[in-house]
Structure formats: C-alpha cells, structure tokens
Colleague: 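Attaching a single structure in structure tokens format; questions to follow.
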Amino acid sequence: MGGGRFLEQHLAPGKCLMKFLQEKIKKRILALLKNDYEIADTDLVFSLPAERKFGDLSTNLAFILAKKTKNKPFLLAKAMAEKLHNQLPEIESIQVAGGGFVNFYLRREPFLLYQWQTRDRTLPSRSEKVIVEHTSINPNKAAHIGHLRNSCLGDILARCCRFLGYEVEVQNYIDDTGIQIADVVWGLLYYQKKNLAAIKKISGLAAYLWDLYAEVNQAFAVNEKFAAERRDVHKKIEEKSNPEYQACRYIAEQVLLDHIRTMARLDIQYDLLARESDVIAMDFFKAAADELTARQVMVPSQDPEKKGCLVIHYERENIEKIIVRSNGTITYVGKDIAYNLWKFGLLPRDFSYRLFFTYPDSHDIHMTAADPGSTVPPFGRADKVYNVIDVRQSYLQSLIAQVLQQLGHPGPSRNFIHFSYEMVAMTPACVREMGLPLAVEEENKSYVEVSGRKGRAVKADDLIDQLIAKSGHELESRNSGLSAAEAEPIARAIAVAALRYFMVKFNLNTVIAFDFKEALNFEGDSGPYLQYTMVRLNSILKKAGTVGLETEKEPGSPSLLDDKEKELYWEMILNLSLLEIQVEYALANHELSSLATYTYSLCQKFNHYYHQFPVLAEKNPAIKNLRLTLILLFKNKVKKLFKIIGIIIPERM
RNA sequence: GCGCCUGUAGCUCAACGGAUAGAGCGUUGGCCUCCGGAGCCAAAGGCUAUGGGUUCGAAUCCCGUCAGGCGCGCCA
C-alpha cells in the first residue's frame, strides 16, 4: 500500500496537509527540472482545477516556460510530465491537458488516511501580534446596519488571525470628545431641559438618542440660535465645565455600554476601549508632534487661508491636510496619527488602564485612562495593525501610512492596513417601507446612503430583534412542543448566523443596498442553510451512535465505492483539505467573503452527497464506515469555519 | 477639476490571467412509504456596459468612451 511510508514522510507537526503536500511536490519538481529549464520559484503555482477530470492539482508552468523559451507549451508540458513520471510518491498519475496544463492526480487512499489522522491538529502559534481596530462608533446614538458591517467584518478578521495562530488584540476607538456628542448633550440639557438625574432615568439611552439626534439636527438646520448654543456646549465640554461635561461623560459611557451589549448579542467582543479623551489627556500628540516637526513632515502652512496651521503634505493627491488648527487644537487626523503610532509601540508613552466590563464568559474589556491605573496586560506594541474603517476614510488612512514611512518606520508603514470596505446603503423601497422621508431626487436611485443625522437607517438592535422574531416563528412552525426556554437560544443562534453571514458574504468593495427581504433570508445562500446542514448531520451521527468511532476507526478504502460515489467522496475530501489554505487566502487578499463562499460550497456538496448516499440504511459495514468518517471529517473542518464566521450550531432547528 | 471604486442571468451577488462564466432569489416542472422539505433534483435565463490593445489564453491587465458611487472641511 505504501500508506505508512507516505505518512512517515509527511507527518510534520502543525502543518496543513494540502499545503505541506504542495510545498513538497513543488520542491521536488524544481529539483528535477531546474537543470533543464530556467525556473523561478514563483513560476510554479498550484491550483485546484475546476473539474476533477483535470486532476487534483494543476500547474500552468509550461505556459510560463513557453513564453521564456519560445517553445510550444504542450510539448514542454509533455516533456515535464515525462520527466516527473514515477518521481513523486504522492502522485498517482500525471496528465497533460488543455494545451499545456500539467495535471496531477493524488494517491487518494493515503491522502484520506492522513487527513483523517491529523484532523484535530491546530496551527502552531506565531510570535507576531496583531491589533484589529473595529466598531469605533460615536457614542451619541444607537448602532445601525452600517456599523454592523464594520463590527462583523472586524470580528471575523480577528477570528481569522487567531485561527492562523497570531496573538490578537481587538480595540474599539471611542470618540468621546467630538461635536456629535455635543449635539445630544445640547438636546438633552437645553432642548429637552433635562438635568443629569433625569437623564439617568432614561433606559435604553442609545435608542432614545437615536431619535433625539435626528431631531436636534433638524433644529440646528432651521434655527441659528440653537446651532450657536450647541457650539457653546461643545466648548464647555472641552473646558470640563459642568453640567455639560458631566452629562457628556455619562452619555458617552452609557451609550458605549449599549453598543457593547448590542455587539455581544452577536458574539462580538473587545479587549480594549481606547478613548479619544485619554489620547488628548495623555498628550500623545505632543510626543508625535516633536518627531513630525523634527523630520519636517509637519510644517507651517504657506497657504494664506491656513495661516497659523500646521499641515502635512499628502503626496498622492498633492494637497495639504491640516493637523494643528490656527487656534492650536488638534484635528482628528492628528490624534489618529498619534494613536496609530502608539499601536505599533512607536510613541515614548502609554495609557493607564482600568477594567471596564466583564462578559458572562469572564472575558474582560479594559478602558484607557489618563490617571495612573492598575497594571494590566500590555496593550499595543503590535507587529501588524488592521483598521476596519469604511472606504470613505481611505485618504486619511493612507495619509497615516505615508506619515509612518516619513518618520522612518517602513515596517509599520507596510504593516499598517486599512481594512477598507464599502458602505451599507438602503434601497429607496426599504426607506419607504420604514416610513422614513425620501428626497425626490433619491426616488429612482438604486440605493441611498444611510444617515444617523437623518435617522435614516435600521438600528442594529431592531434588526436583531426582527431576525430573532422570524427565527422564532420558523421554529414554531417546524417544531411542535418546543418550550419557550428551549426555543429562545436557538432563535438567537439562527438570527446571529443569518446576520453575520449576510454581512460577510459580499466582497468588501461591494455596496450593500440593504433590503429586509435579503437580510432576513434563511434559505439558500444564508447562515441558517449552513446551520441546517450541520444540524441534520448531527442528527445522523446521533442516530448512528458513533460514540467511540471517532478515535478508533479509520475510513477504510474508498475503492469499495461505486464510481459515482467514489468521485463525489473524493471531491469532498479534497475540498475539505483546503481549509487552512482558504483562511490564509482570505486574510492575505482581504477577502473574507471567500470564506463564506467556501463554507457554503462545502455544505452544498455535502447536502448533494448525503441525499444520494444514505448512511444509516447502508448494509455494507465498510461502506457505512466510509460515509460516517466522511461526515465526521466534514463536521471537524466545517466547525472550524463556523467558529471563524461566528456561527453557532443549534441542537435542532 | 483631482483621487479612489464599480458596471456580469429579470433581481442580489460569485468567479488566484486558465479549461464549458457560477450561486441564491424569482420563474417552470419534479422529490417526504424520509438519515428532519430552512432540504434535494431538473429546466429556462449571458456578445461579462462599450470600442480598441497586450497574451498561448481576458469578466479579470492596459488605453479610450458611456453610465453610476465615494472622497477631496481650521467636522470626526
């Protein structure tokens, strides 16, 4: 059989089988062909052919060499295949097709056995630390669907990094000093004439402020006196003058707690809340400014209109960005430059920290502080920084990367990653459906922007509530005799899966035109479809009584299967083996949607398979065992994908 | 005006420069004597906006045109 030898050669700890195999074959091919051809290492790339008749691994090497040597690709491919014949113990056969592709057919039996035996391995941890900043919602109103895309992407990104072995720290930046929060402080104190005690009586403050924020913005637009008062409130907050300052602190913290609770409903957690007020209080910018000035990155503006301002020249668009205003205050970008320098450990100072919140699973969130605090795990000092921020801030983010470079930090500049994604908009139909106003010129657009100022968006909690309600109804109609206590966690799990999958399945540069019908879809390309696949799979395993099977039995030989099943079986095994490669690809290409697509295609293949080949009814014990082990292997791999996407598997549904 | 992004089935979206451009929804027809129908099978539906170019090979890369979106503030 040769299975033993095969395993002996491949048992390298912590490596994914497919990746290891590709590297090994690659090395061998290069060694065998290097004398005859001029091959760069990067010329040799494997891909999975679309159809299995073209093999399990394929390379277009012959086409590349043909270009270099002005030979015919087909002849080169033939020669290569000849040379490699019988030289690769893992390969059953090599074929040339499609005018020059060299296609490799794996020896299936040992491949299957090895994959089975190594299925519980995890990837080794890496020494690099990654910071993912996401969510970062202004603490002046409830979170909406736009924020949900940010948080879901950020959370899945963090989970990808963890899966691949990185140390991950999730930060959420809190702008607790901006004009937006002054808007609602004015609204509560001046417009509604509430005192702090009255404000503290409001339950669900974030949702309450959602309406108030829209209302006061209308008021500012029509009444200059109100707008002037609001500017005054902002000034008072900056001067820490009460009652405005106290109200601001209270509101920021309460709304932040509401955001944390909203995101916790979706299993999204944070490690550190970095407050803008602490960036200011700790004088982070001053430390950065010394360096910026010394290197002449930040200079006094020559533009008469920007007299007295310190600016940075943004090279790509040849414009200058104000960093310090003529009145000496620092702009958002200035603070962000300092904050991001700190993330890389490039500022000669640090925050203090305090414990802010503990999740039911006992995970802690810390918050930055300006006064000397307790000792906590060291935050910051990242090797790589992902900032999950929508595409509209591209220019500011790329300005920060430019500044890192100019300050003599090429490494961090390279590892400063704006994880950019397109906005969530709404279809005009959806806006109308919600009874929200729509301008005449917006009627015929395919989508319109969401806006907190206009109160035009679906609140995150409302959407989650709707998803849970729908899940509950579906559950009720499918499961008689399910108690409310049993149904509740299942409904939540389904809602979370639907929402998280919906938010990750689109490419990052695709605008999501939000529509309830699509977001509430539980069929086809959706989170609940994935769950349903797994729930039924578990049901089969339960009935099969597989206790003990996992550790004892090996799959056996797929050659027992008839031709049709054999091909489908192998198709599953081969695709499952790509897990680690798929996650690496998603991260490297910033395309988390590819994970959704991959997971969905695995589930489709599985459904297709088991509808044709029943497990429990199978009389032949060897065949039954093959099918059962396939199910177990599928479960093992897909559970890992579910964990990354954030999908919980319900008991039933 | 300058910068970035997008145009693929009726609709919403996929597709490392690769082999016959794929899914879901919708439409039409079939499958519960079943391992749970949130499922499965099948059909119809495409000059990948458009005109050139590069390449053995282009939805994908380059140039032009048309259409749309976003950004460019002493806001954050």
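Chain letters run A, B, ... following the sequence lines, proteins first and then strands; every chain starts at 1.
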Colleague: From the set B/C35, B/G24, B/A76, return the single nucleotide nearest to any side-chain atom of A/Q180.
Modeller: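 In terms of side-chain proximity for A/Q180, the closest of B/C35, B/G24, B/A76 is B/A76.
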
Colleague: Using atom CZ of A/F613 as one end and atom C1' of B/C34 as the other, report the distance to the nearest whole Å.
Modeller: 17 Å

Colleague: Given the rule in the ring-ring contact (aromatic ring centres under 6.0 Å, His included) test, do A/F634 and A/F606 qualify, once you have shown the distances and angles that lead to the verdict?
Modeller: CA-CA 8 Å; A/F634 177 90; A/F606 179 76; 4.4 Å; yes

Colleague: Starting the side chain at C-beta, find the nucleotide from B/A19, B/C13, B/G18 nearest to A/T510.
Modeller: B/C13

Colleague: Which nucleotide wins on minimum distance to the side chain of A/N521, given the candidates B/G24, B/A19, B/C75?
Modeller: B/G24

Colleague: Can you check the A/F502 CZ to B/C13 C1' distance for me, whole Å?
Modeller: 11 Å

Colleague: Looking at B/C70, B/G18, B/G36, which one has an atom nearest to any side-chain atom of A/N479?
Modeller: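 It is B/G36.
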
Colleague: Separation of A/Y213 atom OH from B/A76 atom P, in whole Å?
Modeller: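 Nearest whole value for this atom pair: 13 Å.
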
Colleague: Is any side-chain N of the basic residue among A/R52 and A/E571 closer than 4.0 Å to the acidic one's carboxylate O?
Modeller: yes

Colleague: Look at the side chain of A/F101 and decide which nucleotide, out of B/C70, B/G39, B/G18, has an atom nearest to it.
Modeller: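 Given the options B/C70, B/G39, B/G18, the side chain of A/F101 is closest to B/G18.
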
Colleague: So, A/Y529 and B/G39: ring centres less than 5.5 Å apart, planes less than 30° off, yes or no?
Modeller: no

Colleague: How does protein contact run along nucleotides 1-11 of chain B, one letter per nucleotide 5' to 3', with B for base contact, S for sugar-phosphate only, - for none, heavy atoms under 4.0 Å?
Modeller: --S-SS-----

Colleague: Which ranges of RNA chain B pair up as stems, where a stem means three or more consecutive Watson-Crick or G-U pairs with both distances under 3.5 Å?
Modeller: B:1-7 with B:66-72, B:10-13 with B:22-25, B:27-31 with B:39-43, B:49-53 with B:61-65

